[in-house]
Amino acid sequence: MAKDNFSTLGVRSGTARTEFNEHSEALFLTSSFVFENAAQAAARFTGGEGGFVYSRFTNPTVSMFQERLAALEGAEACVATASGMSAILATSMALLKAGDHVVCSNAVFGATVQLYSTILSRFGVETTFVSPTRVEEWQRAARPNTRLFFLETPSNPLGEVSDIAAIAAVAKKAGAVLVVDNAVCSPALQRPLEFGADLVIHSATKYLDGQGRVMGGAVLGSKALVMDGVFGFLRTAGPSLSPFNAWVILKGMETLEIRMLAQSERALELAQWLEKHPRVARVYYPGLASHPQHALAMRQQRTGGALVSFDVKGGKDAAWKVIDSTRLISITGNLGDVKTTITHPATTTHGRITPEARAAAGIGDGLIRVAVGLEAVEDLKADLAPGLT
Ligand SMILES: Cc1ncc(COP(=O)(O)O)c(C=O)c1O
């Protein structure tokens with residue numbers, strides 16, 4: 001990663017000033033754009049002339065968001081979407097057709113599992129779920145009709161780390177496109193394209209916004225995959241990012257790097273404290289030396305990230321006791337906020353998948369996920385301690 005200029009790109013890239021020379025990026029709340037005459041309208045609609053047409057597929061604030069995120073991920077192209085899930089849907093609809101096969105990590109976000117196993121399956125797309133860490137399973141699962149490999153690293157909520165370069169090599173051999181969901185790390189900590197991924201997906205709702213305000217998503221990669229493929233679906237089908245949300249996230253990206261570093265620092269300290277706690281059976285945090293893929297995580301990522309999960313002894317009742325005893329930490333499903341959040345994955349984010357799929361993904365009843373924010377770590381420990389008795 002080009003660490004030396006990431007900070008500068010975060011605050012300066014993608015800025016396009018209007019004739020008024022505003023310093024802060026402008027918010028263009030307009031559905032459509034006016035043309036000089038009929039000929040210009042025709043040229044803009046057919047793509048013969050560049051310029052803005054209609055905010056379902058072209059808007060200056062959304063363009064600034066796309067350019068800034070592309071600069072941060074080191075991507076040739078970026079297309080913004082209404083949410084992280086619509087980024088995954090748009091990618092799948094653009095790249096897949098009936099009869100195609102997908103190999104997907106079994107440790108991806110619950111809604112991603114649902115999308116592949118219950119929605120896309122109705123359109124003739126078959127998905128095989130495999131371990132995020134055992135590369136040989138990806139190799140074995142690949143078929144002549146496999147078009148797409150999908151993974152999330154580190155996974156949410158268990159922090160399992162996939163070897164992007166190794167899986168990219170398998171994907172290449174299989175003729176499949178490797179898609180990596182980078183929502184948990186953000187480009188401040190990990191840039192999957194540098195390890196051979198073909199596309200990067202974001203839930204911009206998470207760390208890119210960083211303050212839990214708006215929904216957003218993005219798909220990044222080569223011009224050929226993003227502009228010729230995903231953009232076409234978006235333009236026609238319409239799960240587009242609103243200019244207002246783009247503006248909020250664009251400004252959020254200005255503090256992305258310092259937030260990620262500060263939140264990771266607190267997460268590591270909290271994970272170390274939890275690891276020593278007698279009521280905690282296991283801590284899942286890639287930044288801990290005891291994590292099974294710690295060495296790989298430190299090669300791929302700048303820090304362990306801000307997501308810490310742990311198994312509390314005593315199953316669901318004990319986990320709910322910890323959650324219900326908190327007074328400072330917010331009980332909410334989101335992650336990526338500067339306010340620390342706490343979740344019981346088995347009954348919330350992963351509550352809709354079958355118990356068998358949950359067990360296969362290692363989501364136990366005693367599992368708690370803490371998405372660490374910017375509070376003093378002493379206050380976080382003091383908030384968790386009363387429930388851990
Ligand atoms: C890793 C990951 N990917 C994708 C999503 C979906 O994003 P969104 O909620 O913006 O649709 C989430 C949401 O929590 C997530 O955690």
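Both ligands and their constituent atoms are indexed starting at 1 by order of listing. In this chain, residues are counted from 1 in sequence order.
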Practice item. Give the atoms of ligand 1, by number and element, whose distance to some non-hydrogen atom of E152 is under 4.0 Å. Key: 1 (C)
Review point. side-chain hydrogen bond (donor to acceptor under 3.5 Å, both in side chains) between T15 and R68: does it pass, once the steps are laid out?
Key: CA-CA 8 Å; T15 302; R68 182 164 294 171; 3.2 Å; yes
Practice item. Anything under 30° is parallel, anything over 60° is perpendicular, the rest tilted; go ahead and classify W247 against F244. Key: tilted
Point to revise | Distance from atom 11 (O) of ligand 1 to nearest protein heavy atom, with residue and atom | key: M85 N, 2.8 Å
Review point. Starting from atom 5 (C) of ligand 1, which protein heavy atom do you reach first, and at what distance in Å?
Key: F109 CD2, 3.5 Å
Practice item. Nearest heavy atom to atom 16 (O) of ligand 1 wins, so pick from N156, I201, T205. Key: N156
Point to revise | M215 neighbourhood, listing ligand 1 atoms whose heavy-atom distance to it stays under 4.0 Å | key: 8 (P), 9 (O), 10 (O)
**Study point:** Identity and separation of the nearest protein heavy atom to atom 13 (C) of ligand 1
**Key:** K206 NZ, 2.8 Å
**Study point:** Q301 (side chain) donor-acceptor with T303 (main chain) under 3.5 angstrom
**Key:** yes
Practice item. Taking the six-membered ring of W320 (Phe, Tyr or Trp), confirm whether the NZ or CZ of K316 is under 6.0 Å from its centre and within 45° of its axis. Key: yes
Exercise for review: Check each atom of ligand 1 against the heavy atoms of G84 and keep those under 4.0 Å away; list them by number with element.
Suggested key: 7 (O), 8 (P), 10 (O), 11 (O)
Point to revise | Ion pair K251/E25, N-O distance below 4.0 Å | key: yes
Point to revise | Nearest-contact summary for atom 7 (O) of ligand 1 - protein heavy atom, Å | key: S203 OG, 3.0 Å
Review point. Where does the angle between the aromatic ring planes of F33 and F52 fall among parallel (under 30°), tilted (30 to 60°) and perpendicular (over 60°)?
Key: tilted
Exercise for review: Around atom 3 (N) of ligand 1, find the nearest protein heavy atom and jot down its residue, atom name and distance.
Suggested key: D181 OD2, 2.6 Å
Check your understanding: To the nearest 0.5 Å, how far apart are CZ in F195 and CD in Q190?
Key -> 7.0 Å
